[in-house]
Undergrad: 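Once you've had a glance at the structure underneath, I'll fire off some questions.
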Amino acid sequence: MRIVLMGPPGAGKGTQAVRLVEKFGFTHLSSGDIFRAEKTSGSELGKKLAEYMNAGKLVPDEIVVEMMAKAITKVEGGLMLDGFPRTVDQAKALDEQLQQAEKPLDAVVVITADIDNIVQRITGRRTCSQCGRGYHVTNIPPRKENICDDCGVELTQRDDDNEEVVRQRLTAYTTMTEPVIEYYRGTGVKMIQVDGNLSLVEVSSVMIAGLEALRS
Ligand code: AMP
């Protein structure tokens with residue numbers, strides 16, 4: 001099964017992605033993670049990506065499509081795309097690639113979220129730099145302040161998780177990415193919409209039930 005996971009920043013995509021991987025064994029390709037790894041490598045491409053990412057702006061389509069196409073080609077079996085596509089042109093390029101490979105999308109999962117909650121959710125996010133476990137300063141706090149429960153190392157905050165950049169990322173989402181949901185509605189691919197304001201467990205159950213119905 002091949003799916004796209006969509007939703008505004010801070011809707012809980014990362015957390016839900018982990019659950020879907022556990023349940024369905026998808027290979028999880030997060031464009032944001034792929035770009036952050038490139039940024040950390042210090043390459044020329046990474047420096048270019050950082051200019052956009054640190055400002056909360058979308059990376060240009062040509063760069064995104066090329067990097068993601070390369071990553072997608074390597075995947076055998078189940079695939080979950082997260083954070084890609086984010087523009088209608090990216091979605092069209094993805095459809096073309098998947099159609100050529102005769103591996104079309106099976107579903108698009110959209111997690112919706114209340115914009116008012118998003119800034120609070122994102123600015124409080126922290127991650128363990130060693131194991132990648134996610135926390136939130138008030139919603140999912142570690143036992144000891146700013147220290148990972150599992151590894152005992154300090155938690156970090158993403159460079160682009162500050163309020164100013166979050167607002168820019170939300171604008172990018174409403175202007176460039178919401179039209180992608182309309183695009184998919186028009187293609188007839190199966191859509192599964194979930195209210196991201198529900199609890200983590202409820203959101204997972206709705207998604208899993210929708211995807212299991214597709215498998216059977
Ligand atoms: P994310 O981790 O998905 O929130 O992505 C972090 C940042 O990476 C975004 O704010 C964008 O600057 C960039 N990015 C990730 N995916 C895409 C994409 N599909 N198109 C354009 N920019 C992207």
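Just the heavy atoms: all of them, side chains too, but no hydrogens, waters or symmetry mates, feed the values below. All ligand and atom numbering here is 1-based and tracks the order in the structure.
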Undergrad: Which ligand 1 atoms are under 4.0 Å away from a heavy-atom of R36?
TA: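 It comes down to these atoms of ligand 1: 2 (O), 6 (C).
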
Undergrad: Compare all side-chain heavy atoms of C148 with those of Q130 and state whether any distance is below 4.5 angstrom.
TA: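 SC-SC contact between C148 and Q130 ruled out.
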
Undergrad: Atom 12 (O) of ligand 1: which protein heavy atom is closest, and how many Å away?
TA: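 Checked against all protein heavy atoms, atom 12 (O) of ligand 1 sits closest to K57 O, 2.6 Å.
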
Undergrad: Before signing off on this row, confirm whether G83 and ligand 1 have an N or O atom pair separated by under 3.5 Å.
TA: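 Yes, there is a polar N/O contact under 3.5 Å.
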
Undergrad: Does R158, backbone or side chain, put an N or O under 3.5 Å from an N or O of ligand 1?
TA: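 Checking ligand 1 against R158, an N or O pair does fall under 3.5 Å apart.
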
Undergrad: What do you reckon, is CZ of R158 surrounded by more than 12 foreign heavy atoms closer than 6.0 Å?
TA: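 Yes, CZ of R158 has more than 12 neighbouring heavy atoms, counting only those of other groups under 6.0 Å.
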
Undergrad: Whether K23 and E212 form a salt bridge (side-chain N of Lys/Arg under 4.0 Å from carboxylate O of Asp/Glu) is what I want to check.
TA: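 Yes.
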
Undergrad: Does V59 reach ligand 1 with a nitrogen or oxygen that is under 3.5 Å from one of the ligand's nitrogen or oxygen atoms?
TA: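 Yes; at least one N/O pair falls below 3.5 Å.
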
Undergrad: Heavy atom to atom 7 (C) of ligand 1, shortest distance: which of M67, K13, M68, M53 holds it?
TA: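 Looking at heavy atoms only, M53 sits closest to atom 7 (C) of ligand 1.
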
Undergrad: For ligand 1, which atoms, with element, lie under 4.0 Å from some heavy atom of S31?
TA: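 Those qualifying, in numeric order: 15 (C), 16 (N), 17 (C), 19 (N).
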
Undergrad: Show which atoms of ligand 1 fall inside a sub-4.0 Å distance from at least one heavy-atom site of V64.
TA: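 Per the distance check, 18 (C), 19 (N), 20 (N), 21 (C).
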
Undergrad: Look at atom 9 (C) of ligand 1 and say which protein heavy atom is nearest, naming residue and atom and giving the distance to 0.1 Å.
TA: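 Its nearest protein heavy-atom neighbour is R86 NH2, 3.8 Å.
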
Undergrad: Short question: side chain of Q90, backbone of R86 - any donor-acceptor pair under 3.5 Å?
TA: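 Yes: the side chain of Q90 pairs with the backbone of R86.
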
Undergrad: Please say whether Q90 places an N or O atom under 3.5 Å from an N or O atom belonging to ligand 1.
TA: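 Yes, since at least one N or O of Q90 sits under 3.5 Å from an N or O of ligand 1.
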
Undergrad: Given 3.5 Å as the limit, does a donor-acceptor pair link the side chain of D114 with the main chain of N117, or not?
TA: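 Side chain of D114 to backbone of N117, a donor-acceptor pair under 3.5 Å: no, none is there.
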
Undergrad: Among all protein heavy atoms in this structure, tell me which lies nearest to atom 23 (C) of ligand 1, with the distance rounded to 0.1 Å.
TA: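 Ranked first by proximity to atom 23 (C) of ligand 1 is F35 CE1, 3.7 Å.
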
Undergrad: Is the shortest heavy-atom distance from the side chain of N139 to the side chain of Q120 under 4.5 Å?
TA: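 Heavy-atom side-chain distance check passes, below 4.5 Å.
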
Undergrad: Check whether Q97 reaches the backbone of A69 with its side chain - one donor and one acceptor, N or O, closer than 3.5 Å.
TA: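 Side chain of Q97 to backbone of A69, a donor-acceptor pair under 3.5 Å: yes, one is there.
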
Undergrad: Report yes or no: does T123 contribute a side-chain atom to a donor-acceptor pair with the main-chain N or O of N162 at less than 3.5 Å?
TA: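 A pair under 3.5 Å: no.
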
